[in-house]
Amino acid sequence: MLLKRTRTCGELRAAHAGERVILNGWVDTRRDLGGLIFIDLRDRYGITQVVFSPQDNARAHAAADALRGEYVIGVEGVVTNRSAANVNAKMATGEVEVRVHELQIYNAADTTPFEIVDDTKTNEDLRLKYRYLDLRRPSMQRNLILRSKATILVREYFDRHGFVEVETPVLMRSTPEGARDYLVPSRVNPGTFYALPQSPQTYKQILMVAGMDRYFQIVKCFRDEDLRADRQPEFTQIDVEMSFVDEIAVQEMTEGLISELLRETIGVEVALPLPRMTYQEGMTRYGSDKPDLRFDLAFTDFSDLVKDTEFRVFRQTVADGGAVVGFVVPGQGHLGRGMMDRLTEKAKNEAGANGLIYIKNMPGEVFSSVAKFVPEDVTAAMVRASGAAEGDLILILAGRKPDVYAQLGTLRLSVAQEFNLIDTTRNALLWVTDFPLLDFDPEEKRWVAMHHPFTSPKPEDLHLMDSDPGKVRARAYDLVMNGSEIGGGSIRIHDPAMQRKMFALLGIGEAEAQEKFGFLLDAFRFGAPPHGGLALGLDRIIMLLTGSRSLRDVIAFPKNQRAVSLMDNCPDVVDPRQLDELHIQLKPGL
RNA sequence: GGUCCGGUAGUUCAGUCGGUUAGAACGCUUGCCUGUCACGCAAGAGGUCGAGGGUUCGAGUCCCUUCCGGAUCGCCA
């Protein structure tokens with residue numbers, strides 16, 4: 001018989017003393033004193049101590065002897081104030097306990113493969129296999145609950161601003177460009193395949209042509225690429241598109257959402273508008289298109305200062321069009337040879353640099369690792385240019401552009417971590433703008449879209465489209481938080497001629513463009529409004545809001561690094577009859 | 001596909017130079033215990049040292065192969 005609960009395990013306080021209550025939940029811990037049994041009863045709202053005493057009910061006390069961890073039970077009893085000495089200040093419900101008169105054991109539980117505790121050190125594959133146990137841990141429940149609050153807030157926000165949530169197909173056509181598609185065979189149309197959306201990009205643009213004006217969707221996207229701590233094959237986007245807007249309008253709308261999310265979920269206030277930084281500045285000052293601005297370590301370009309020195313690495317690098325760039329590490333000028341050798345190894349192994357040059361700006365002595373080749377006055381000028389204070393260390397790389405920036409950017413992150421320079425209490429949000437429209441793929445020897453093929457070029461760069469496509473900037477923008485890309489978008493092309501031109505630049509011929517994207521080009525012929533939008537990575541945002549180290553901690557049922565779901569063991573082989581129906585024959589050897 | 005780290009009790013780990021019966025903590029089982037809250041006390045069970053091969057008188061330890069997990073590079077419009 002069900003003891004139907006009247007209260008949860010998180011809500012009882014001294015004010016409830018005397019109330020007859022029924023609680024349901026899991027046995028968290030058991031403290032059996034023989035004549036007296038204490039059970040911490042847990043549900044997702046909290047933990048309440050319940051007491052089995054022969055004086056209250058001998059039968060219940062006897063039955064409680066059988067209780068073990070993770071048994072699911074119901075108890076009926078009376079809320080009682082604890083004596084002052086027995087109050088547990090560490091528990092929200094620590095002022096009271098429930099003295100039990102009746103116990104129902106709904107379900108016994110085997111000993112769990114790992115303990116249900118918050119600070120678990122258990123291997124992740126075991127946690128994933130027994131995900132239902134892992135999700136009983138309060139920290140995981142907090143993550144899922146925060147995620148739920150966040151998505152409700154997102155819907156409420158966009159509704160308030162006149163957006164319409166429209167569902168787009170999960171079965172769509174496979175398109176060239178971008179990530180590898182997940183394919184779904186069509187039984188009805190032998191030999192043809194759907195693809196799962198990498199994003200609903202074309203649909204939301206079509207919705208703009210349809211006049212929906214303001215669209216959003218919280219939507220699953222799929223990309224068949226290798227996994228990372230912050231990358232899952234299926235992930236959730238907050239997808240947004242607006243008509244008759246420029247980039248500022250999209251960014252302002254997004255900022256409003258993000259600041260509300262931070263305020264309502266973790267109580268953090270963000271100053272708006274968010275800072276903007278061009279891609280160019282991000283790369284040359286921080287070596288990244290998603291700079292982590294929770295710490296400084298901004299770059300100084302020494303190329304002009306050192307281009308005439310005898311030191312070949314400096315002179316030759318600059319002569320070849322490369323750069324000599326460095327950053328100041330505050331207060332680390334005292335580091336010894338061993339540590340500097342270690343940093344040099346990092347620069348080589350992690351960042352891929354050829355070597356590391358450094359200057360220690362110590363009181364009375366400015367030590368340069370290349371003092372033999374670089375005159376003192378040049379070194380002094382470098383110290384001045386860098387803004388280094390006494391006691392600071394300057395790390396310098398020389399190399400080809402743009403590689404040297406990326407290398408120094410990697411070193412910057414590594415050094416920040418090494419010397420604990422990241423202020424984790426801060427939340428550094430910014431927009432990175434003016435991305436290049438195109439990126440040259442040396443393997444395929446062709447231009448590829450840096451954002452996607454529907455991104456509009458900046459009008460002032462249009463004249464470069466034919467002569468120097470790599471120099472054309474896009475009306476694209478990324479939202480960056482703490483060194484993590486949490487969103488990106490652009491003002492789109494809405495002119496069929498421009499869209500054709502873009503396809504042509506990407507090496508997509510007229511025929512292929514018509515075949516793969518004909519519906520979009522057609523749509524643009526029938527009155528397409530100027531439009532733009534962006535997509536936010538919901539999982540990553542929740543990861544940052546909860547301080548999680550992995551995306552897997554904010555997704556209820558994630559895949560491991562091999563894209564396998566360990567709990568239900570998928571993907572898996574299927575019955576040959578299913579393959580027959582789908583007209584699929586496996587390659588020999590599989 | 002590359003690089004790095006890891007795999008020993010249910011869990012998290014230790015295991016020295018290759019040498020006796022592979023240990024600890026937590027968990028688990030049993031008993032005792034009426035104010036515990038990381039309860040305590042006592043006793044106990046629990047091991048394919050990821051797998052296979054090799055070197056050796058002898059391998060958890062050394063070598064080779066392989067499997068598995070994680071981080072990362074490539075990849076991710």
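Keep in mind that what you see is a predicted model, and the values were worked out from it rather than measured. First the proteins, then the strands, lettered A, B, ... as listed; each starts at 1.
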Any donor-acceptor pair under 3.5 Å joining the side chain of [X] to the base of [N]?
X: A/N123; N: B/rG70; value: no
X: A/E97; N: B/rG35; value: yes
X: A/R231; N: B/rC76; value: yes
X: A/Q49; N: B/rU36; value: yes
X: A/R228; N: B/rG74; value: yes

Calculate the interatomic distance between [X] atom [atom1] and [N] atom [atom2]; express it in whole Å.
X: A/E350; N: B/rG74; atom1: CD; atom2: P; value: 14 Å
X: A/Q561; N: B/rC4; atom1: CD; atom2: C1'; value: 12 Å
X: A/D110; N: B/rU11; atom1: CG; atom2: C1'; value: 16 Å

Between the protein and nucleotides 29-31 of chain B, are there any N/O to N/O pairs under 3.5 Å, and if so, what are the atom names and distances?
{"residue": "B/rU29", "atom": "OP1", "partner": "A/R68", "partner atom": "NE", "Å": "3.0"}
{"residue": "B/rU30", "atom": "OP2", "partner": "A/R68", "partner atom": "NH2", "Å": "3.1"}

(request) Evaluate whether the aromatic ring of A/F38 and the six-membered ring of the B/rU36 base sit under 5.5 Å apart, centre to centre, with an inclination under 30°. (result)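 So A/F38 counts as stacking on the base.
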(request) Write down the distance separating the P atoms in B/rU72 and B/rC62, rounded off to the nearest Å. (result)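 Comparing P positions in B/rU72 and B/rC62 gives a spacing of 28 Å.
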(request) When you get a sec, tell me which of B/rC37, B/rU11, B/rU72 is the closest nucleotide to the side chain of A/F114? (result)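 That would be B/rU11.
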(request) State whether the side chain of A/R492 and the backbone N or O of A/G532 hold a donor-acceptor pair below 3.5 Å, judged by distance alone. (result)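 The answer is no, because no donor-acceptor pair under 3.5 Å joins these two groups.
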(message) Taking the basic N atoms (NZ, or NE/NH1/NH2) and the acidic carboxylate oxygens, is any pair closer than 4.0 Å for A/R223 and A/E225?
(response)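 Salt bridge absent between A/R223 and A/E225.
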